[in-house]
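Taking it in order: structure first as structure tokens, then the write-up.
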Amino acid sequence: MSILSGKHVLLGITAGIAAYKTASLVRLFIKSGAKVKVVMTPASKDFITPLTLSTLSKNPVHSSFTNEDDDDAVWNNHVELGLWADLFVIAPATANTMSKMANGASDNLLMATYLSAKCPVYFAPAMDLDMYKHASTKASFDALTSFGNIMIPATSGELASGLVGEGRMAEPEDIVSFIENDILDKLPLKGKTVLITAGPTYEAIDPVRFIGNHSSGKMGFEIAKASANLGAQVILITGPTHQHISHSLIQVIPVTSADEMYNEVHNYYKDVTIAILSAAVADFTPKDVALQKIKKKSDTLTLELTRTKDILASLGDTKKHQFLVGFALETNNELENATQKLKKKNLNLIVLNSLQDKGAGFKGDTNKVTFIDNKNSVKEFQLKSKAAVAVDLLNEIVKHIHA
Ligand code: CTP
């Protein structure tokens, strides 16, 4: 899945011959899962038609402040367009448009949108080689990058003039991968590894029976997704669940029992930056596992259970650089109990679920959580989807590790 999936891409097209390549560019953005809107300078319509671009982008294309051909002229709101965009890509960017961008001119809808946009702006220059080399063009590049815009450099090759040299707009495929890599490089957890436990554990009684619990694993899987979306390499150690996940950054390690989970967690813990233990690990396990199926010989059956190892506490004991997060499911004295757990297990942060809150806990799609950190800061959240809780949790962790 591309990092661009679900993102709002605003494509700004200016009047260079390379504009004809923007049909492919729109298609590639759409293929990556992005939503695309196009804004054009009036002169760029000589190089590619708005109809082509609106058909490919599945959105109306705008090039002026009003739909002037219309009797009920509609205001094309540049501020709204700018706010809609997660990223603004100006391709091709002509010398003229870049000069205006460098100087804050606002004489067309594209320029006004550029000045209103709060998102990252990429620009892909395209022009003839002497224009590209001109001192004023270089000055535009410098000004634009000093404003925080990101340049997708032109390449060398045959130009529309027939001359050969620097100034060809980067190919659409290269523009898309440049942007994908740029976004990935800037993700806050890029290069970091997050270890996550999820789901229940099953403790065998005999070859066909076990002691388990109702944990669905959803919370842990959402945390894995949210971590990967921030660029982290994820090791997801999960007990038996019906959840599925497929992401190039997520390695799933299935386990069954608390003991297996303990061993796998310790295989990886040393090298991770963050460990988030959301699994509902059995606290007790049968002392002896019957080798054959237990027969119903009497009216009662007594099983002797022993304590499992507390995985979270063992990580707290051996913690070095890791940021350690645990969960606490409480029914009463919630804050006090969770804070005690945080201290006892040497955690950086604990996520409290109260069973008194409707919609919180094990099975459903929602959760209501409170984060408590080791400096006693308490943050309470509303009832949300588990996906949204996972995003809140990761944002909180990122704030802590970058503080
Ligand atoms: N946990 C663990 N290993 C265990 C038990 C729990 O890693 N053997 C982790 C869970 O993943 C969770 C946290 O510890 O992050 C829960 O702590 P725990 O003290 O078990 O909380 P409760 O189950 O709520 O405990 P208690 O019954 O003592 O309240």
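Whatever order the structure lists ligands and atoms in, that order sets their numbers, starting from 1. Residues take their numbers from the sequence shown, with the count starting at 1.
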* To do: Mark the output for Ala279 as yes if a heavy-atom distance to ligand 1 is under 4.0 Å, and as no if none is.
  =>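 Yes, Ala279 has heavy atoms under 4.0 Å from ligand 1.
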* Asked: How far does NZ of Lys270 sit from OG1 of Thr318, to the nearest 0.5 angstrom?
  ->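 Answer rounded to 0.5 Å: 11.5 Å.
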* What about Leu277: any of its N or O atoms under 3.5 Å from an N or O on ligand 1? ->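 N/O-N/O distance under 3.5 Å: yes.
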* Looking at ligand 1, does any of its N/O atoms fall within less than 3.5 Å of an N/O of Lys341? ->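 So ligand 1 has an N or O lying under 3.5 Å from an N or O of Lys341.
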* Is Arg307 paired with Asp283 through a side-chain N to carboxylate O contact shorter than 4.0 Å? ->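 Between Arg307 and Asp283 there is no salt bridge, as every charged N stays at least 4.0 Å from the carboxylate O atoms.
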Checking side-chain polar atoms at under 3.5 Å, does [X] have a donor or acceptor matched by the opposite partner on [Y]?
| X | Y | result |
| --- | --- | --- |
| Asp310 | Tyr262 | no |
| Asn353 | Asn367 | yes |
| Ser140 | Thr137 | no |

Please state which part of [X] comes within less than 4.0 Å of ligand 1, counting heavy atoms only: side chain, backbone, both or neither.
| X | result |
| --- | --- |
| Asp310 | both |
| Asn337 | neither |
| Lys309 | backbone |

* Would one find more than 12 heavy atoms of other residues, nucleotides or ligands at under 6.0 Å from atom NE2 of His402? -> yes
Of all the atoms in ligand 1, which lie at a distance below 4.0 Å from a heavy atom belonging to [X]?
| X | value |
| --- | --- |
| Lys345 | 14 (O), 17 (O), 18 (P), 19 (O), 20 (O) |
| Gly326 | 15 (O) |
| Thr308 | 8 (N) |
| Leu329 | 24 (O) |

* Asked: How far is atom 7 (O) of ligand 1 from its nearest protein heavy atom, and which residue and atom name does that atom have?
  -> Leu312 N, 2.9 Å
Residues 190-199, side-chain donor-acceptor partners within the protein, below 3.5 Å, at least two apart:
from: Thr197; atom 1: OG1; to: Ser278; atom 2: N; distance (Å): 3.2
from: Thr197; atom 1: OG1; to: Ala279; atom 2: N; distance (Å): 3.1

For residues 218-236, tabulate all N or O donor-acceptor pairs below 3.5 Å that involve a side-chain atom, not counting sequence neighbours.
from: Lys218; atom 1: NZ; to: Asp365; atom 2: OD1; distance (Å): 2.7
from: Ser227; atom 1: OG; to: Ile223; atom 2: O; distance (Å): 2.7
from: Asn229; atom 1: ND2; to: Lys225; atom 2: O; distance (Å): 3.4

